[in-house]
Trainee: 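Pasting a structure here, questions to come.
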Amino acid sequence: MYKQLVAIALIGLIQPLWAQQRDAAMKPFIDQLMKKMTLEEKIGQLNLLTPGGGVATGEVVSKDVEQKIREGKVGGLFGVVGQDKVRKAQELAVQHSRLGIPLLMGSDVIHGHKTTFPIPLALSCSWDTTLIRETARTAAREAAADGLNWVFSPMVDIARDPRWGRVAEGAGEDPFLGSLIAAAMVKGYQGNDLSKEDAVMSCVKHFALYGASEAGRDYNTVDMSRLRMYQDYLPPYRAAVNAGAGSVMSSFNEIDGVPATGNRWLLTDLLRKQWGFGGFVVSDYTSLNEMINHGMGDLQTVSALSLKAGLDMDMVGEGFLTTLKKSLQEGKITLQEIDAACRRILEAKYKLGLFQSPFRNTSEARAQAEIMTAATRQLAREAAARSFVLLKNDKQTLPLAPNKKIALVGPLADNKRNMLGTWAVSGDWKQSVSIREGLQAALGNAGSLVYAKGADISTDSFLVARANALGVEIEKDKRSPAEMITEAVNLAAQSDIVVAVVGEAADMSGEASSRSDIGLPESQRALLKALKQTGKPLVVVLLNGRPLTLEWESAQADALLDIWFGGTETGNAVADVLLGKYNPSGKLSMTFPKNVGQVPLYYSHKPTGRPFNHEPFAKFKTNYLDVENEPLYPFGYGLSYTNFSYGDLTLSSPTLRAGESITASITVTNTGNFDGEETVQLYIRDLVGSITRPVKELKSFRKVFLKKGERKQIQFTITPEDLKFYNADLKWVYEPGTFRVMVGPDSGNTREQSFELK
Ligand code: NOJ
């Protein structure tokens, strides 16, 4: 698996001939152009604005955008929706500004453009990088057909605190899985040639460490050791850079006491000098101005600091636009620094082919033909089904037996509005398929489906007011909670089985949606309790943008299917899975804690000096008085309708030497009643080191499809490269000694063997 990452890195480094030729022609072209530019026009290129109309994620929306474009004071726009409007803005720049420099046209294409795929956290549970790359490719095609050339994705922030709402936008807790997904997304967006009309430039975010905000509160302080940074948090950004990402977005948080947007160590020493990044860096939404609140000085000071740190483009805040000239006159920055940033922006435009083709062949006809087609919807349906995680399935409650009377209940069962999940700025929820619609269409005349809402998503007025800040996702029903529950219970009593669709509203996770209580809202728990009392088998289908605390819910449910937010085709995908057309195969990319007090809880933790290994409670060991240490569902966990049995793990040799490899083999058998797919996971522990090492780290995995009764031997090659880590001097090394290899269906259930690295 290490080889996969190296290959991706090499592809990023080895430039094809045409790209070398293009880059050779790029320099003289930009030299010529920059000779013609005034200082104001150069500074203008560093300015990114949003004219409003889309979703503003800060308090400021840009003003006088049209005039500024004409004056050459804008390098790019985002939040312009529709190819016709994008074209108009581009016309202003190309035809009505003095030098006719085209604009970067960005957007938050996070999990699809118009066709909305499952939220990124969900997609990561597919552990399927080919699928994920294909969703990004499709999103790029749609975005490009809509006039866009730049997407603010992927978000690759490692996140281990589910209170943080933005875990929904990333790939979970693990750097290895996260790195593979980061690279796959960049490749998907950018294709192999940025100047092709269906490619868009990717923007990796949020650089860096944003996922480690203290207490899970958004925009909060981050403080961590360099070791943890290098080992756990930085790898996915680096993988995205190695995969060729054209741009990077700085994060809101501070790192070692300096906000990322003005952090020279981060943006220059690490990103450019150590990693060799050659693209441009854009700030996050007013993150430059927010350095004033961080206590770093006034707007002129923080703007100069950021430019000197290596920031090239200022998103929305206009700190660069309004202060850099003055700072230059006062000798606080140099013309070379402005030129360097300007050049990087112009290079991005050049690579995108915008100087030759600013409109990139967009038209109404192309948009019609390429956006939201039967094929994109089909991909969304498959992606959704492949991202669902089956958390429980007692007595084979699922798949639903044919011709049964189903009571479909719950506030999210017949609810299009909440299917897309957070950050679907261009998605149209009205075009999404609700679960009721999906099930009804699939059942046709077979069986019968009755429906009751049963509860509001939440009746907590404090939470509802905040969660509805971007629009009403949590509606208040006219009926009382008791009336709604009674209706649901009556339907349940007359049915063979209950399917309860519960969870979070779309914007109960996502940006600025941190929660201190990550349980199911009380109104929905009351509904589940009443349904359970009917004695009917209870299937719980859960929508969520983060791991939730579900100990009680899991005990009530006979089957528990986590569908996250599945996007446009949610309802059809749920029908595919509930009715057994698709056998679920998702595996958690983030640990589910038992309660919020266990957070942060992640599988690759360090050993302590006083370990507590499942024995009865013992004083003076690392544990709690009121809860076990173990999670409710560990990283990598997920069931199937079939069963997979694992044979013994064998190693080809008890020793490994430099330049050699050993093979770990295990036989997996499908012993159940369905064909199905398993994700076989390999973890390694370095038992003794010069610094402490995690109790296990994911090093490889293999997705394997096995027909009923079929068995396959799965082999993993382990080389010394797989055993490297950052030592106390931040050197990437391996150290001789004993290593434990663990293979199994999840991080909490593995077979073990050991070998010596000589
Ligand atoms: C703020 C968010 O942090 C970032 O992810 C997003 O790309 C920008 N706003 C632009 O909308």
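For ligands, and for the atoms within them, numbers begin at 1 and follow the listed sequence.
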Trainee: If you measure from atom 2 (C) of ligand 1 to every heavy atom of Met249, Glu511, Met315, which option wins on shortest distance?
Mentor: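 The residue whose heavy atom sits nearest atom 2 (C) of ligand 1 is Glu511.
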
Trainee: Record the part of Met155 in heavy-atom contact with ligand 1 below 4.0 Å; permitted values are side chain, backbone, both and neither.
Mentor: neither

Trainee: Among Leu324, Val282, Leu321, Leu311, exactly one meets side chain to side chain contact (heavy atoms under 4.5 Å, CB included) together with Leu46. Which residue is that?
Mentor: Leu324

Trainee: Using distance alone, decide if ligand 1 has a nitrogen or oxygen within less than 3.5 Å of any nitrogen or oxygen in Glu169.
Mentor: no

Trainee: Under 4.0 Å from any heavy atom of Phe78, which atoms of ligand 1 are there?
Mentor: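 Under 4.0 Å from Phe78, ligand 1 has these atoms: 10 (C), 11 (O).
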
Trainee: How does Trp423 reach ligand 1, if at all, at less than 4.0 Å between non-hydrogen atoms: by side chain, backbone, both, or neither?
Mentor: side chain

Trainee: So do Asn415 and Ile457 actually touch side chain to side chain, heavy atoms under 4.5 Å?
Mentor: yes

Trainee: Hey, is Lys205 touching ligand 1 through its side chain, its backbone, both or neither, going by heavy atoms under 4.0 Å?
Mentor: side chain

Trainee: Within the structure provided, determine whether Thr422 and Phe565 are in side-chain contact (heavy-atom separation under 4.5 Å).
Mentor: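 SC-SC contact between Thr422 and Phe565 ruled out.
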
Trainee: Within the 4.0 Å heavy-atom shell around Asp284, which atoms of ligand 1 are there?
Mentor: 1 (C), 2 (C), 3 (O), 4 (C), 6 (C), 8 (C), 9 (N)

Trainee: Testing Tyr285, Phe252, Trp164 for ring pair (Phe, Tyr, Trp, His ring centres under 6.0 Å) with Tyr219, which one passes?
Mentor: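 The residue from Tyr285, Phe252, Trp164 that satisfies ring pair (Phe, Tyr, Trp, His ring centres under 6.0 Å) with Tyr219 turns out to be Phe252.
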
Trainee: Give me the ring orientation class for Tyr237 and Phe207: parallel if the planes are under 30° apart, tilted from 30 to 60°, perpendicular past 60°.
Mentor: perpendicular

Trainee: Do you know which of Met419, Lys416, Met372 makes side chain to side chain contact (heavy atoms under 4.5 Å, CB included) with Thr568?
Mentor: Met372

Trainee: In ligand 1, which numbered atoms sit nearer than 4.0 Å to a non-hydrogen atom of Asp108?
Mentor: 6 (C), 7 (O), 10 (C), 11 (O)

Trainee: How about Glu318 and Thr322: does a side-chain donor come under 3.5 Å of a side-chain acceptor?
Mentor: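 No donor-acceptor contact under 3.5 Å links the two side chains.
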
Trainee: Only heavy atoms of Phe252, strictly under 4.0 Å: list the atoms of ligand 1 that pass.
Mentor: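 Those of ligand 1 that fall under 4.0 Å from Phe252 are 3 (O).
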
Trainee: Output yes when the distance from some N or O of ligand 1 to some N or O of Tyr285 is under 3.5 Å, and no in every other case.
Mentor: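 For ligand 1, there is no N or O atom that lies under 3.5 Å from one belonging to Tyr285.
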
